[in-house]
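Excluded from the calculations below are hydrogen atoms, water molecules and symmetry mates; all remaining heavy atoms, backbone and side chain alike, are included.
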Amino acid sequence: MASHPITMQEVYQIWMRLRNKVNEMESIPRDYGVKESLFLSEIHTIQAIGATPENNVRVIADLLGVTPSAASQAVTKLAGRGLVKKVRGRKNEREVSLELTDQGWVAYRYHEQTHKEIYTRTTERVGPLSEEELELIARFFNAFESVYDERIEELLTARLQSREVR
């Protein structure tokens with residue numbers, strides 16, 4: 001146990017270390033039981049599609065916290081690799097839904113097993129959490145997400161304004 005009360009700055013430093021480690025993990029492709037190795041962003045796209053039957057690129061982008069353009073590029077790449085298929089016309093001819101192929105489902109299930117292992121390891125280290133504690137953690141991550149959303153918007157606006165000045 002810490003000898004002094006933890007500060008928000010210390011919590012933020014932990015968050016930044018964690019974020020940097022996730023970034024590092026992003027660059028390491030892994031085996032998910034299919035022909036080619038997949039990056040973390042690719043398997044998370046597969047996971048979002050598999051877990052969300054009523055979907056399209058915009059829904060997947062929202063789930064992943066990326067732009068629709070980034071989600072579209074990821075989906076197109078995964079479709080080209082035979083893991084995802086685009087299905088037109090479920091609701092109307094303009095709407096394109098996304099489905100996993102048989103190989104996409106193999107990767108999805110493999111990744112689900114990985115998540116179970118991570119949840120188990122984390123729970124073993126943290127111990128059981130009450131509903132209130134889980135709500136506090138969710139509130140904390142939601143606050144960080146909203147601050148980062150604001151910061152992204154500020155940076156994009158500043159970048160756009162600097163281009164207009166030139």
Side-chain angles (χ1 to χ4, degrees), residues 14-149 151-153 156:
I14 295 167
W15 162 249
M16 292 306 296
R17 279 198 317 272
L18 177 60
R19 202 176 66 81
N20 290 335
K21 289 174 185 186
V22 170
N23 287 343
E24 185 176 347
M25 286 179 58
E26 278 283 348
S27 69
I28 305 169
R30 269 152 277 192
D31 175 30
Y32 290 98
V34 295
K35 182 171 57 175
E36 298 176 49
S37 295
L38 299 169
F39 289 98
L40 207 53
S41 61
E42 294 171 324
I43 196 63
H44 285 154
T45 302
I46 288 170
Q47 182 187 27
I49 293 167
T52 314
E54 296 286 322
N55 69 49
N56 58 38
V57 168
R58 186 166 297 283
V59 168
I60 298 306
D62 287 346
L63 284 171
L64 296 174
V66 299
T67 65
S69 175
S72 179
Q73 290 173 14
V75 166
T76 298
K77 186 176 178 185
L78 292 168
R81 293 167 73 182
L83 299 167
V84 172
K85 57 186 169 186
K86 299 175 183 180
V87 181
R88 189 174 290 282
R90 263 209 208 125
K91 292 180 186 174
N92 63 57
E93 274 307 305
R94 290 182 21 185
E95 182 73 30
V96 176
S97 296
L98 307 168
E99 293 180 358
L100 298 181
T101 63
D102 289 343
Q103 284 299 292
W105 282 111
V106 168
Y108 176 90
R109 286 189 292 275
Y110 196 106
H111 186 62
E112 284 295 302
Q113 188 57 43
T114 301
H115 270 199
K116 285 180 187 172
E117 291 169 14
I118 289 170
Y119 298 153
T120 298
R121 287 158 111 181
T122 303
T123 302
E124 286 171 355
R125 292 175 190 173
V126 172
L129 296 171
S130 69
E131 187 175 330
E132 291 81 17
E133 289 170 318
L134 288 170
E135 287 174 7
L136 175 63
I137 293 168
R139 193 174 100 214
F140 176 80
F141 281 121
N142 285 329
F144 262 124
E145 182 180 23
S146 70
V147 168
Y148 274 76
D149 285 343
R151 189 68 182 128
I152 288 167
E153 190 61 37
L156 290 173

CA sep, side-chain torsions, deciding dist, call: L40, R30, side-chain contact (heavy atoms from CB on, under 4.5 Å):
CA-CA 8 Å; L40 207 53; R30 269 152 277 192; 3.4 Å; yes
Hey, can you tell me if F144 and W15 have their rings parallel, tilted or perpendicular (30° and 60° cut-offs)? parallel
Closest heavy-atom pair, L64 versus A48, reported as atoms and distance to 0.1 Å, is CD2-CB, 4.1 Å
Query raised in the report: Looking at side-chain heavy atoms only, is the closest gap between N56 and L98 below 4.5 Å?
Result: no
**OP:** Would you confirm whether T122, through its side chain, and I118, through its main-chain N or O, come within 3.5 Å as a donor-acceptor pair?
**Re:** yes
Greater than 12 external heavy atoms within 6.0 Å of E117's CD: yes
Taking every heavy atom of L38 against every heavy atom of A107, the minimum-distance pair comes out as CD1-CB, 4.1 Å
Output for pair (E112 CD, W105 CH2), nearest 0.5 Å, gives 9.0 Å
Sequence neighbours excluded, the answer for salt bridge (charged side-chain N to carboxylate O under 4.0 Å, His left out) partners of K86 is none
Value for CG (L136) from CD (E131), rounded to nearest 0.5 Å, stands at 13.0 Å
Output for pair (E54 CD, T52 OG1), nearest 0.5 Å, gives 10.0 Å
Of all heavy-atom pairs linking V106 and G33, the shortest is CG1-O, 3.4 Å
Contacts of R125 meeting salt bridge (charged side-chain N to carboxylate O under 4.0 Å, His left out) (sequence neighbours excluded), chain-then-number -> none
In this structure, CG of L156 is separated from CZ of R151 (nearest 0.5 Å) by 10.5 Å
Correct closest heavy-atom pair for I46 and L83 would be CD1-CD1, 4.0 Å
Between Y108 and Q47, the two heavy atoms sitting closest are CE1-O, 3.4 Å
* To do: For the residue pair Y110 and D31, establish whether any side-chain heavy-atom pair is separated by less than 4.5 Å.
  => yes
Sorted by chain and residue number, the salt bridge (charged side-chain N to carboxylate O under 4.0 Å, His left out) partners of K35 (sequence neighbours excluded) come out as none
Closest non-hydrogen contact found for A51 with P53 is O-CD, 3.5 Å
Taken to the nearest 0.5 Å, the spacing of T45 OG1 from Q73 CD works out to 11.0 Å
Is the shortest side-chain heavy-atom distance between R81 and K77 below 4.5 Å? yes
Sub-4.5 Å side-chain heavy-atom contact between V57 and V96: no
In this structure, CG of N142 is separated from CD of E135 (nearest 0.5 Å) by 11.5 Å
